[in-house]
Amino acid sequence: MLSFTFSHPTELVFGIDSVNQVGELTKNLGKKVLLHYGKASIKKSGLYDVVIKSLTEAGLEVVELGGVQANPIFSLVQEGIELCKSEQIEVVLAVGGGSVMDSAKAIAAGVYVEKDYWSYFMKRGDVQKALPIGVVSTLPATGSETSPSSVITNTEVQHKRSINSKQILPKFAIVDPSYHTTLPAYQTACGISDILSHLIERYFTHTTHVDFTDRLLEASFQTLLINGPLVMMNPQDLNARSEIAFASLVAHNGLLGSGREEDWASHRIEHELSNYYDIAHGAGLAIIMPHWMRYVYKENPARFEQFARRVFKIDLAFDRQEETVLAGIDAYEQFLQDLLLPTTLTEAGILDDRFEEMADNSFVDRGHTVGNFKKLNKADVMNIFRLSK
Ligand code: NZQ
Ligand code: ZN
């Protein structure tokens, strides 16, 4: 196990009706709030009205900025920053999915950046300060509620990149699973794929003696394998929704990667897919992840065998390691297919071949390899795109 430091300052407020606390929690952070949200979902579900009522009852002054799109864009972030400055906003409140939360985080930090904010996303500047952020999460997927990241697409330069800083960790995160029941099946499935991917990025490591986090990761996998099908069959199943929501937070709050080297190649490869094409992050990961697995398993077959045996209960004889490994990967891919997710680019309607351009783009300003389980160069990234066809 590696040495590590873990701390987490976000107050997590979880459960049915927890959203009623949003006014009081926000009030602790400031009097004038930027309410940031997406397109139509929170108005349709009635969540918008509940939030406005709670904020008003707490005596807060509210300025609104809606319209965040899936895979959020930098131009709206810039608009939000200007609004915060002109309205002298004291706290930013995100109500929505990962895209809304990420956009809110980027706005909160951008208020304190004098010039060339995009260079921070290209790792040429460190976030030093941000307005306090609160979130009401409507989609269990990204873990943005308790992650120090904000992933934004700059359509002018066609880059999807992140800032990462403790400064943008939300002060509080409200997760009320009753508002997850309005999610379309496709978004629910994309969320499950993203959560599983956050576990996988941590599970496949060369760090040894990480039994404790292995077991926590395996318990998290099991929770999703059991509760994923339950919510797909019955979207109103609040018990299953709650299990998935809790798992989504722990999957990406940093705890499960503590003491071990993590990978993250698949995320970086996927971010080029959702940068170039109109595809949900979780769907892009459903395509990339099984192909990444088949491409890299020979680096450490024993770890893949462990995944197959413990997570998917593949029970072949011990002298049939490679068959076991491949059966485990197939079982993972089949699970994604059972969620009705695409597992090839063709199934996702991506028929052209911009693999070289995407691979080049992913390395701009970032060295020559990606990932740790197998260090992938540009040719490897292109091979994974080709295998994903
Ligand atoms: O815009 P609205 O109308 O709100 O609709 C959204 C959107 O169309 C809808 N939705 C959300 N909650 C709903 C709902 N519809 C009905 N009922 C609800 N309760 O779902 C659609 C997708 O929402 P979005 O926020 O885009 O999805 P997600 O949460 O998957 O976020 C994806 C973004 O997060 C980034 C991804 O790259 C992508 O840009 N990530 C952020 C991370 C982080 N900050 O730590 C880590 C992740 O790995 C990821 O990269
Ligand atoms: Zn992700």
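Atoms within each ligand, like the ligands themselves, are counted from 1 in listed order. Only this structure's heavy atoms are used, side chains among them; waters, hydrogens and symmetry mates stay out.
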Atom indices of ligand 1, in the order listed, that fall short of 4.0 Å to a heavy atom of His267:
48 (O)

Say whether Pro72 and ligand 1 are in contact under the criterion: heavy-atom distance to a ligand atom below 4.0 Å.
yes

Knowing that exactly one of Lys389, Met382, Met358 qualifies, which makes a side-chain contact (heavy atoms from CB on, under 4.5 Å) with Asp353?
Lys389

Would you mind listing which atoms of ligand 1 come within a distance below 4.0 Å of any non-hydrogen atom of Tyr179?
19 (N)

Can you find a non-hydrogen atom of Ile42 under 4.0 Å from ligand 1?
no

Which residue and atom name correspond to the protein heavy atom nearest atom 11 (C) of ligand 1, and how close is it?
Thr138 OG1, 3.6 Å

Atoms in ligand 1 with a heavy atom of Ala70 nearer than 4.0 Å
26 (O)

Closest by any non-hydrogen atom to atom 26 (O) of ligand 1: pick that one out of Ser99, Gly97, Ser274.
Ser99

Would Arg161 pass as a cation-pi partner of Tyr120, given that its NZ or CZ must be under 6.0 Å from the six-membered ring centre and within 45 degrees of the axis?
no

For Lys44, state whether at least one heavy atom is located under 4.0 Å from any atom of ligand 1.
no

When distances are taken from atom 23 (O) of ligand 1, the protein heavy atom at minimum range is Leu139 CD1, 3.5 Å

With a 4.0 Å cut-off on N to O distance, would you call Asp360 and Lys378 a salt bridge?
yes

Is the Phe373 to His206 ring centre distance short of 6.0 Å?
yes

What protein heavy atom is closest to atom 50 (O) of ligand 1, reported as residue, atom name and distance in Å?
His271 NE2, 2.8 Å

What atoms of ligand 1 come within less than 4.0 Å of a heavy atom belonging to Ser147?
43 (C), 44 (N), 45 (O)

Indicate yes or no: does Arg354 engage Glu272 in a salt bridge with an N to O separation below 4.0 Å.
no

Once you measure the plane-to-plane angle for His198 and His252, does it fall in the parallel (<30°), tilted (30-60°) or perpendicular (>60°) bin?
parallel

Ranked by distance from atom 40 (N) of ligand 1, the top protein heavy atom is Thr142 CG2, 3.6 Å

If we only look closer than 2.8 Å, how many protein N, O or S atoms does the Zn ion (ligand 2) have near it?
4

Does the protein put a heavy atom under 4.0 Å from atom 37 (O) of ligand 1?
yes

Can a salt bridge be assigned to the pair Asp315 and Arg320 using a cut-off of 4.0 Å between side-chain N and carboxylate O?
no

Is Glu270 close enough to touch ligand 1? Criterion: a residue heavy atom under 4.0 Å from a ligand atom.
no

May I ask you to decide whether Arg202 forms a salt bridge with Asp263, counting only side-chain N to carboxylate O separations under 4.0 Å?
no

List the closest protein heavy-atom neighbour of atom 16 (C) of ligand 1: residue, atom name, distance to the nearest 0.1 Å.
Thr182 O, 3.4 Å

So is Ala40 close enough to ligand 1, meaning a heavy atom under 4.0 angstrom away?
yes

Nearest to atom 29 (O) of ligand 1, what protein heavy atom do you find, and at what distance?
Gly98 N, 2.7 Å

What atoms of ligand 1 come within less than 4.0 Å of a heavy atom belonging to His252?
45 (O), 46 (C)

Only heavy atoms of Gly38, strictly under 4.0 Å: list the atoms of ligand 1 that pass.
1 (O)

Quick one: does Lys160 get a heavy atom under 4.0 Å from ligand 1?
yes

Do we get Arg386 above Phe355's six-membered ring, with its NZ or CZ under 6.0 Å from the centre and within 45° of the axis?
no

Test of understanding: given a 4.0 Å heavy-atom threshold, classify the contact between His198 and ligand 1 as side chain, backbone, both, or neither.
side chain

Whether Ser86 side chain and Glu82 backbone form a donor-acceptor pair below 3.5 Å
yes

Output yes when a protein non-hydrogen atom is found under 4.0 Å of atom 32 (C) of ligand 1, and no otherwise.
yes

Centres of the Phe312 and Phe335 rings: under 6.0 Å?
no

Using 30° and 60° as the class boundaries, would you call the ring planes of Phe204 and Phe307 parallel, tilted or perpendicular?
perpendicular

Closest non-hydrogen protein atom to atom 15 (N) of ligand 1, residue and atom name please, with distance?
Ser41 CB, 3.5 Å

Anything under 30° is parallel, anything over 60° is perpendicular, the rest tilted; go ahead and classify Phe304 against Tyr297.
perpendicular

Whether the side chain of Tyr295 engages the backbone of Ile384 through a donor-acceptor N/O pair (distance < 3.5 Å, no angle test) should be reported.
no

Yes or no, since that's all I need: does a protein heavy atom fall within a distance strictly under 4.0 Å of atom 7 (C) of ligand 1?
no

For Ala106 and Ile163, work out which heavy atoms get closest and say how close.
CA-CD1, 4.3 Å

Just need the protein heavy atom nearest to atom 44 (N) of ligand 1, so name the residue and atom and give the distance.
Asp102 OD1, 2.7 Å

Check: His267 main-chain N/O paired with Glu201 side-chain donor or acceptor under 3.5 Å:
yes

Between the side chains of Lys32 and Glu87, is the shortest nitrogen-to-carboxylate-oxygen separation below 4.0 Å, so that they form an ion pair?
yes

Enumerated ligand 1 atoms positioned under 4.0 Å from heavy atoms of Asn71:
38 (C), 39 (O)

Contacting atoms of ligand 1, where contact means under 4.0 angstrom from a heavy atom of Lys39
1 (O), 2 (P), 3 (O), 4 (O)

Any Lys/Arg nitrogen of Arg310 or Glu218 sitting under 4.0 Å from an Asp/Glu carboxylate oxygen of the other?
yes

Before accepting this row, confirm whether a basic side-chain N of the pair Arg241/Asp176 lies closer than 4.0 Å to the acidic partner's carboxylate O.
no

